[in-house]
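Have a look at the structure below before the remarks.
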Amino acid sequence: MHLPDLNVAKDRKKSENKYINLEENYSKVFQNKKYFLRTYGCQMNVHDSEAIRSYLETLGLTNTENLEEANVVVLNTCAIRENARDKVMGFLGKCKYLKKNRDDFKIVLLGCMAEQPDVIDDIQKNHQYIDIVIGTHNLYDLPKLLLQEFNKQQIEVYSNSDEIIEGMNYTRDSKITAWVNIMYGCDKFCTYCIVPYTRGRERSRKLESIIAEVKDLKKNGYKEVTLLGQNVNAYGKDIGETFSHLLECVAKTGIERVRFVTSHPWNFTDEMIDVIAKYDNIMPYIHLPLQSGSDNILKKMNRRYTKKEYLELFNKMKERIPGVAITTDIIVGFPNESDADFEETLDVVRTCKYDGAYTFIFSPREGTPAAKMEDKIPMRVKEERLHKLNELVNYYSNQNNQKLLNKVVEVLILGDSEKDASKVYGYTDTMKLVNVEGPKSIIGKIVKVKITDAKSFSLDGEYLEEKVAN
Ligand code: SAH
Ligand code: SF4
Ligand code: F3S
C-alpha cells in the first residue's frame, strides 16, 4: 500500500526523466465479464481513459454502458473543483448500493482525486467497499491489481514521479481525431490549482516518440491530432527542446489538422506564433486562459503576467495569425476579489471579445495556498458575478458565430449529430461545433459547409462539397 503525501507532491528537485517502455503480456482471463468506465475532468483524463480501456480489454473485459451489468466499475476522477468531487461521491453511492447483492462487482477509483490525501483518508474510513485505488502516476498497475486475489482495499498512489511511459496502448474513442500527450505534470503552481500536486512535475516526452506516434496515427487514417499538456509552452524545457520546434515537426508530418491544449499566456513565444501562422495544417485556434483581468488578483494567483501583457499577447496573436479564434478560462470570486477587480475582468472580456470562455467560481482546494487566503466575499456575490460574466461571454460568442452566417467554412466531420440523427457534426478549423445537413458518407472527411444558422454554442450548416486537396 502506498498513500499520497502533499509534501512529496510539492517537491520539484531537479531529477532525470525516466523513459520506460512498457512491454506487457496479459491474457484474457476476464472473458464474459464487463466493465463500466466513467471519466471526469480534462482532456488528460479523457486520454488516460483510452489507456484504461485498452488495459481492461486486454484482460478480456468488454464495455457496457449499463452499470447494473458491469463486473468492474472504473471511475477516472478529477479534483479541480469541489463539484467534480461531489459528482464522484454521488456516483459511488449508487455503486455501493449495487455491490450489496453482488460478489463479482469490483470498484476501482483512479485519477486526480486519488492523489489527494484527504480523499484517501475518507476512502479508508468511510468507503471500504471501493476495492482498488490507483494514482495518476501508475495507471499501468491496473491490470496487475485486478488480477491479484485480495480481500482488503488496495491503495497504490505515488505522489511524484520522474517516469514517462512509452509504448502505452490506447483504445481510442475516435478513428478520426486523436489525443497525443507531449508532456506530463505542471510546475506553474498557480495558487488556486491542485494540478501540480495531482500530476507531479513537468516532464516532456521525447520529440522522436511524439513524431513517431503522429506518423503512425496518420498512417492509420487519422485526420487530426491534439497535442496535450497542462502548459504546452513549457514543452521541452527539461530536454533541450522547444514547443515551437515540436509544433513545426508535427506540422511537417503532413497530418491534416494539428491542435494543442493548453497554452499558458506566460512565455508564449513569438516563434510559437510564427509557426502557427506559417503552417496551414496548424489550426488557427488558441485556448488562452485569462483567469482574471485584475493585476492584483493575477499576482495573488501567481499567474506571472499582467493585464497589459496578456492583452499585448492577445493582440499579437490576432494580428499575426489570420482568422485566429481565441477562447479562455476565467475564475470569479478568488479570495477577496473586489468589485473593481471583477470590473477589470469584464474589461478584458469586452476588449478580447472571446470566441468562447469556460467560467468558474473559485473553489478552495486543500493544500493549495489560495485555500488559506482570507476571503470575505459572500457566495451570493460570486454567483452574481458569474452570472454577469456568463451573459457577456455568451454575447460575444454569439456575435462571433453570427459573423459566419452564410459563409463557407471547412469542417472535419466526426459523426452523427447528437441533436438530430439525420445530420452529422464536426468542427471548423477555429473549433466551432457545426451540425451539418449532409450524407453520412462525409464522416471522417474535411468538407466545405455553408453556415445557415448561428447560435451561442453551435452553428448549423449545409454540406457543399469535399475539400479539394492542394
Ligand atoms: N493547465 C490549464 C488549466 C487546467 S484546469 C491552464 O493553466 O490553463 C482548467 C481550468 O480550471 C483553469 O484554467 C481554471 O480556470 C479552472 N480552475 C483551476 N483550479 C480552480 C479552482 N480551484 N477553482 C475554480 N476554478 C479552477
Ligand atoms: Fe493549474 Fe496553473 Fe498548472 Fe494550469 S498552469 S495546471 S492552472 S497550476
Ligand atoms: Fe481534473 Fe486532474 Fe484534469 S484535477 S482537470 S483531471 S489534471
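Just follow the structure's listing: the first ligand is 1, and inside any ligand the first atom is 1. Note that the structure is a prediction, hence the values are computed from the model and not measured.
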Roughly how far apart are [X] [atom1] and [Y] [atom2], rounded to 0.5 Å?
{"X": "I286", "Y": "M431", "atom1": "CD1", "atom2": "CE", "value": "13.5 Å"}
{"X": "L389", "Y": "F360", "atom1": "CG", "atom2": "CZ", "value": "11.0 Å"}
{"X": "L98", "Y": "F36", "atom1": "CG", "atom2": "CZ", "value": "10.0 Å"}
{"X": "I107", "Y": "H127", "atom1": "CD1", "atom2": "NE2", "value": "11.0 Å"}

Requested in this report: Could you please provide the protein residues found below 4.0 Å of ligand 1 on a heavy-atom basis, arranged by chain and number?
Outcome: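 Lining ligand 1 at under 4.0 Å, by heavy atoms, one finds I80, R81, Y192, Q230, T262, P289, Q291, R303, D329, I331, F360, I361, F362, S363, R365.
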Query raised in the report: Has K300 got its NZ or CZ under 6.0 Å from the middle of the six-membered ring of F334, at an angle within 45 degrees of the ring axis?
Result: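 Output no; distance or angle outside limits.
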Identify the protein heavy atom lying closest to [atom], giving its residue, its atom name and the separation to 0.1 Å.
{"atom": "atom 3 (Fe) of ligand 2", "value": "C186 SG, 2.3 Å"}
{"atom": "atom 7 (S) of ligand 2", "value": "Y192 OH, 3.4 Å"}
{"atom": "atom 1 (Fe) of ligand 2", "value": "C193 SG, 2.3 Å"}

Requested in this report: Answer with yes or no whether the side chains of N400 and S397 bring together a donor and an acceptor at under 3.5 Å.
Outcome: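 Note: S397 and N400 side chains miss the donor-acceptor criterion.
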Heavy-atom distances under 4.0 Å are what count here, so tell me which part of [X] touches ligand 2: side chain, backbone, both or neither.
{"X": "N231", "answer": "neither"}
{"X": "F189", "answer": "backbone"}
{"X": "P289", "answer": "neither"}

Query raised in the report: Nearest non-hydrogen atom to atom 4 (Fe) of ligand 2 belongs to which of K188, Q291, Q230, R304?
Result: Q230
Requested in this report: Indicate, with yes or no, if the rings of Y40 and F91 have centres closer together than 6.0 Å.
Outcome: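 No - the distance between ring centres of Y40 and F91 does not fall below the 6.0 Å cut-off.
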A side-chain contact here means heavy atoms from C-beta on lying under 4.5 Å apart; do [X] and [Y] qualify?
{"X": "N181", "Y": "M168", "answer": "no"}
{"X": "Q124", "Y": "L3", "answer": "yes"}
{"X": "L404", "Y": "V434", "answer": "no"}
{"X": "S204", "Y": "E241", "answer": "no"}
{"X": "N76", "Y": "D48", "answer": "yes"}

Report task. Take the angle between the ring planes of Y358 and H287 and call it parallel below 30°, perpendicular above 60°, tilted in between. Result ->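 Y358 and H287: perpendicular rings.
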Query raised in the report: What class does the angle between the rings of F243 and Y235 fall in, given that below 30° is parallel, 30 to 60° is tilted and above 60° is perpendicular?
Result: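 It falls in the perpendicular class, over 60°.
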Query raised in the report: Can an N, O or S atom be found in C190 less than 2.8 Å away from atom 2 (Fe) of ligand 2?
Result: yes
Which atoms from ligand 2 have a heavy atom of [X] less than 4.0 Å away?
{"X": "R303", "value": "2 (Fe), 7 (S)"}
{"X": "H264", "value": "5 (S)"}
{"X": "P196", "value": "8 (S)"}

Query raised in the report: Is it true that R199 lies under 4.0 Å from ligand 2, counting heavy atoms only?
Result: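 Contact absent.
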Report task. For atom 3 (Fe) of ligand 3, check which protein N, O or S atoms are under 2.8 Å away and list them. Result -> C42 SG
Query raised in the report: Do K188 and E202 meet the salt-bridge criterion of a basic N to acidic O distance under 4.0 Å?
Result: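 Here E202 pairs with K188 in a salt bridge, since their nearest N and O are under 4.0 Å apart.
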